[in-house]
Amino acid sequence: MAEEASASATRESQPPFLVVGLGNPGPEYFWTPHNAGFMTIDRIAEQEGVVVQNRRCRAVTATCRIAGREVILAKPETYMNLSGLAVAALLKEFKADPARDMVVVYDELDLNLGTMKIRERGSTAGHNGARSVTAALGTTEWLRVRIGVGQSLPPEAVAAGASRRGGKDYLLSPMRKADLAVLDEMIDHAATAVRRIIQDGPGPAMNEFNRKDRE
């Protein structure tokens with residue numbers, strides 16, 4: 001009983017865990033590759049029976065509990081390139097540590113559509129939203145779930161030096177129905193990965209989901 005009480009007290013003393021999805025507000029961006037982070041937040045909210053609609057810290061948020069911990073789901077309203085402003089404000093508001101109490105979910109052109117990667121730190125790989133988060137926090141030590149949206153190319157095109165980057169027009173254009181079906185499956189995987197991170201930590205989550213990606 002004493003151990004259970006101690007564990008409960010520890011959970012209560014923790015700040016909320018922040019799950020931030022990056023994207024652009026507005027209906028014109030809803031089904032675009034760049035909004036994979038927003039889609040993941042909406043998927044988790046739907047599964048938890050909450051609505052992301054409370055405005056705070058330049059973001060819309062919802063609160064739920066996952067694995068016994070209070071969780072803040074957030075979608076910055078600053079547009080992608082200024083995502084770090086909302087992320088920094090949320091961390092300050094909830095007195096949370098970016099390395100321990102947060103995961104950021106966003107799209108990644110450097111990963112093929114239908115893949116996903118969890119990383120604890122690292123470069124932003126040219127992603128403007130991730131770059132803004134790193135700049136606002138002054139550190140690369142923050143956990144991220146990167147959802148692949150890149151268009152795969154045939155081997156001969158890769159050998160010729162072609163890039164799969166679709167650029168701004170691709171990222172901000174509505175996706176084809178077939179591609180959305182693939183992305184939808186990855187959104188489910190990302191939502192499950194976020195739960196695994198909150199419950200067991202990033203190590204077990206990376207072992208499970210990054211291994212699946214390799215396979």
Side-chain angles (χ1 to χ4, degrees), residues 3-23 36-38 40-41 43-45 47-48 50 52 54 56-76 78 80 82-108 116-125 127 129-147 187 189-213:
E3 290 180 359
E4 291 180 6
S6 176
S8 177
T10 299
R11 285 195 298 269
E12 290 302 320
S13 65
Q14 287 179 310
F17 193 92
L18 305 179
V19 183
V20 183
L22 304 188
F38 274 17
T40 303
I41 295 298
R43 183 65 49 85
I44 297 172
Q47 292 168 348
E48 295 299 320
V50 296
V52 185
N54 299 320
R56 64 195 307 171
C57 301
R58 306 183 75 172
V60 285
T61 68
T63 304
C64 60
R65 295 194 75 84
I66 296 175
R69 185 167 181 181
E70 182 180 8
V71 173
I72 306 296
L73 306 174
K75 299 192 297 185
T78 52
M80 182 66 81
L82 296 176
S83 298
L85 298 177
V87 172
L90 286 163
L91 288 165
K92 182 178 180 181
E93 170 82 10
F94 293 104
K95 298 179 173 61
D97 184 318
R100 294 196 309 264
D101 306 314
M102 180 181 75
V103 61
V104 180
V105 187
Y106 59 90
D107 63 288
E108 182 56 77
M116 184 184 76
K117 192 79 69 178
I118 303 170
R119 292 181 64 184
E120 289 188 278
R121 62 186 64 83
S123 73
T124 60
H127 190 286
R131 183 185 294 122
S132 176
V133 172
T134 290
L137 303 186
T139 179
T140 61
E141 299 284 325
W142 49 275
L143 184 65
R144 71 273 327 251
V145 174
R146 301 156 65 217
I147 300 173
I187 296 301
H189 284 306
T192 303
V194 167
R195 282 192 173 80
R196 186 87 155 104
I197 288 166
I198 296 169
Q199 179 175 322
D200 299 317
M206 286 190 290
N207 287 339
E208 179 180 350
F209 289 93
N210 291 355
R211 176 180 58 78
K212 283 181 179 178
D213 181 59

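Since the structure is predicted, the reported quantities are computational estimates derived from the model, not experimental observations. All values below come from the heavy atoms of this structure, side chains included, with hydrogens, waters and symmetry mates left out.
- Minimum interatomic distance between R69 and P15 (heavy atoms only, all atoms of both residues): NH2-O, 3.0 Å.
- With values rounded to the nearest 0.5 angstrom, I66 atom CD1 is found 6.0 Å from I44 atom CD1.
- The two atoms that bring A205 and I197 nearest to each other are CB-CG1, 3.5 Å, heavy atoms only.
- Under the side chain to side chain contact (heavy atoms under 4.5 Å, CB included) criterion, C57 pairs with A89, L90, E93, not counting sequence neighbours.
- In this structure the side chain of V145 never reaches within 4.5 angstrom of the side chain of V104, judged on heavy atoms.
- For E120, the side chain to side chain donor-acceptor pair (under 3.5 Å) test picks out no residue, with sequence neighbours left out.
- In this structure, A86 and P76 approach most closely via the heavy-atom pair CB-CB, 3.6 Å.
- Scanning for side chain to side chain contact (heavy atoms under 4.5 Å, CB included) contacts around E70 gives P16, T63, R65, I72, with sequence neighbours left out.
- The side chain to side chain donor-acceptor pair (under 3.5 Å) check on T134 picks up W142, with sequence neighbours excluded.
- Closest approach of H189 and F209 over heavy atoms only: O-CE2, 3.8 Å.
- With sequence neighbours excluded, the residues forming a salt bridge (Lys or Arg N to Asp or Glu O under 4.0 Å) with R195 are E48, listed by chain and number.
- With sequence neighbours excluded, no residue forms a salt bridge (Lys or Arg N to Asp or Glu O under 4.0 Å) with R131.
- Atom CZ of residue R58 and atom CG of residue L85 lie 5.0 Å apart, to the nearest 0.5 angstrom.
- Y106 pairs by the ring-ring contact (aromatic ring centres under 6.0 Å, His included) definition with H127, not counting sequence neighbours.
- Nearest heavy atom pair, residue V52 against residue L73, reads CG1-O, 4.4 Å.
- The shortest distance between side-chain heavy atoms of K117 and E108 does not fall below 4.5 Å.
- No donor-acceptor pair closer than 3.5 Å links the side chain of S83 to the backbone N or O of G129.
- Every side chain to side chain contact (heavy atoms under 4.5 Å, CB included) that R43 has, sequence neighbours left out, goes to E46, Q47, D184, I187, D188, A191.
- Summarising the geometry, atom NZ belonging to K95 is positioned 16.0 Å from atom CD belonging to Q14; distances are rounded to the nearest 0.5 Å.
- Looking at heavy atoms from C-beta onward, V87 lies in side-chain contact with M102 at the 4.5 angstrom threshold.
- For R144, there are no side chain to side chain donor-acceptor pair (under 3.5 Å) partners at least two apart in sequence or on another chain.
- Within the model, atoms CD of Q199 and CZ of F17 stand 12.5 Å from one another, a figure rounded to the nearest 0.5 Å.
- With sequence neighbours left out, D200 forms a side chain to side chain contact (heavy atoms under 4.5 Å, CB included) with R196, P204.
- Not counting sequence neighbours, the partners of E141 by the salt bridge (Lys or Arg N to Asp or Glu O under 4.0 Å) test are R121.
- For the residue pair T61 and A74, the shortest heavy atom distance occurs at CG2-CB, 3.9 Å.
- Residue L82 holds its CG atom at 11.0 Å from CE of M80, rounded to the nearest 0.5 Å.
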Next item on the list: Applying side-chain contact (heavy atoms from CB on, under 4.5 Å), run through I41 and V19 and close with a yes or a no.
Entry: CA-CA 8 Å; I41 295 298; V19 183; 3.7 Å; yes
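- Between I147 and T40, some side-chain heavy-atom pair lies under the 4.5 Å cut-off.
- Across I118, V194, V105, a single residue satisfies side-chain contact (heavy atoms from CB on, under 4.5 Å) together with L143, and that is I118.
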